[in-house]
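Ligands are counted one by one from 1 in listed order, and the atoms in each one are counted from 1 as well. Nothing fancy with the numbering, it's 1 onward along the sequence. Note that the coordinates shown come from a computational prediction; the quantities given were computed from them, not determined experimentally. Excluded from the calculations below are hydrogen atoms, water molecules and symmetry mates; all remaining heavy atoms, backbone and side chain alike, are included.
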Amino acid sequence: MRLILFGSPGVGKGTQAKILSSTLKIPHISTGDILREAVKNQTPLGIKAKKIMDAGELVSDDIMIGIIRDKLQECTDGFILDGFPRTLTQAVAFDHLTDELGFKDVIVVNLYGDEEKIVSRLTNRRACKQCQNIFNYFDIKDLTACPNCGAVNSFYLRNDDTESVIRHRLTVFVSTTKPVLDHYEKKKKVVHVNGIASVEEVTKNILCSINEKIKNHVKISA
Ligand code: AMP
């Protein structure tokens with residue numbers, strides 16, 4: 001299965017991508033995580049990307065397309081893309097790449113949600129320095145240890161999760177990333193799922209929508 005998890009920052013793409021990746025046993029490709037790892041390791045890419053990410057801007061299309069080209073070649077049996085494509089240029093390049101590789105069955109899951117709820121989610125989330133997992137501040141009962149990897153005193157607020165940067169990221173999403181959804185709507189590849197519900201409910205709804213889409217596709221092409 002090949003999925004693009006689409007949606008604004010903070011709508012739950014990363015959380016859902018991790019769950020779906022382990023449920024469906026297909027790799028999760030998060031461009032944000034790839035960039036954060038590069039920043040942590042201070043690679044030339046990381047040094048270049050840090051300022052852009054901290055300001056809530058987008059890293060250049062050329063760099064992102066290069067990263068995804070390499071990754072897709074490693075994931076021939078399926079993938080869950082989280083955070084890519086984020087511009088029309090990236091979407092067109094992705095379509096060419098998937099055509100070249102013979103991947104015809106890409107489904108775009110559009111997670112949507114109310115903007116104010118998303119701002120509140122993002123300002124209240126904390127990431128673990130060690131495993132990069134993200135938690136809601138109010139859900140972490142033991143503020144000293146990460147529930148995922150056990151790292152001590154490892155929570156931090158991402159530089160791009162401060163309120164002013166979040167509002168800017170949401171503006172960039174509407175102006176630059178939203179057109180990607182229209183592009184895939186025209187190709188009839190999109191299913192829509194409300195991202196503002198419990199994690200379990202959103203996962204269940206994503207799986208139902210994907211199954212429905214696959215069933216209809218088989219019906220149409222049968
Ligand atoms: P994310 O964790 O997906 O919200 O990504 C964090 C940041 O990484 C974004 O705000 C961008 O600065 C950068 N980024 C991630 N994916 C992309 C992409 N496909 N195109 C451009 N920049 C990206």
Side-chain angles (χ1 to χ4, degrees), residues 3-21 27-72 75 79-98 106 108-113 115 118-119 121-129 131-136 156-181 183-184 195:
L3 298 180
I4 293 175
L5 279 193
F6 184 88
S8 73
V11 78
K13 300 186 297 295
T15 303
Q16 292 300 328
K18 283 190 182 77
I19 297 171
L20 293 169
S21 167
H28 168 201
I29 306 172
S30 157
T31 46
D33 284 353
I34 293 170
L35 292 170
R36 278 183 289 278
E37 190 63 24
V39 171
K40 196 169 112 190
N41 295 329
Q42 301 203 334
T43 65
L45 165 65
I47 292 165
K48 211 170 176 180
K50 186 176 185 320
K51 266 196 200 143
I52 302 171
M53 293 168 77
D54 285 353
E57 300 288 351
L58 295 181
V59 173
S60 81
D61 287 333
D62 287 353
I63 292 178
M64 299 314 301
I65 292 164
I67 292 175
I68 287 299
R69 179 176 293 119
D70 293 345
K71 281 278 166 198
L72 289 195
C75 299
F79 52 77
I80 299 170
L81 261 183
D82 154 19
F84 186 96
R86 251 176 158 106
T87 65
L88 259 185
T89 305
Q90 292 179 14
V92 171
F94 175 79
D95 295 349
H96 285 143
L97 268 174
T98 47
V106 178
V108 179
V109 178
N110 173 38
L111 287 179
Y112 60 89
E115 182 169 322
I118 287 171
V119 171
R121 253 193 192 182
L122 285 173
T123 47
N124 286 311
R125 76 179 187 181
R126 296 294 181 273
C128 168
K129 258 184 228 157
C131 67
Q132 303 300 328
N133 264 29
I134 287 182
F135 301 91
N136 186 297
Y156 72 105
L157 177 70
R158 276 170 39 176
N159 289 345
D160 56 351
D161 279 347
T162 55
E163 185 165 346
S164 62
V165 179
I166 287 166
R167 299 235 178 242
H168 183 61
R169 289 167 69 199
L170 290 170
T171 314
V172 172
F173 173 75
V174 172
S175 63
T176 313
T177 306
K178 251 315 194 16
V180 171
L181 188 61
H183 171 80
Y184 286 116

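A salt bridge links R36 and D33; the closest N-O separation between the charged side-chain nitrogens and carboxylate oxygens is under 4.0 Å. Ion pairing of R169 with D161 is present here, as a side-chain N (NZ or NE/NH1/NH2) and a carboxylate O approach within less than 4.0 Å.
Taking the side chain as every heavy atom from C-beta outward, F94 and L72 approach each other to under 4.5 Å.
A donor-acceptor pair under 3.5 Å is absent between the side-chain atoms of R125 and the main chain of I134, judged by distance alone. Between the side chain of T176 and the backbone N or O of F173, no donor-acceptor pair lies under 3.5 Å.
Heavy-atom contacts from other residues, nucleotides or ligands closer than 6.0 Å to NZ of K18 number more than 12.
Contact residues of ligand 1 (protein heavy atom closer than 4.0 angstrom to a ligand atom; sorted by chain and number): T31, G32, L35, R36, M53, E57, L58, V59, M64, G83, F84, R86, Q90, R158, D160, R169.
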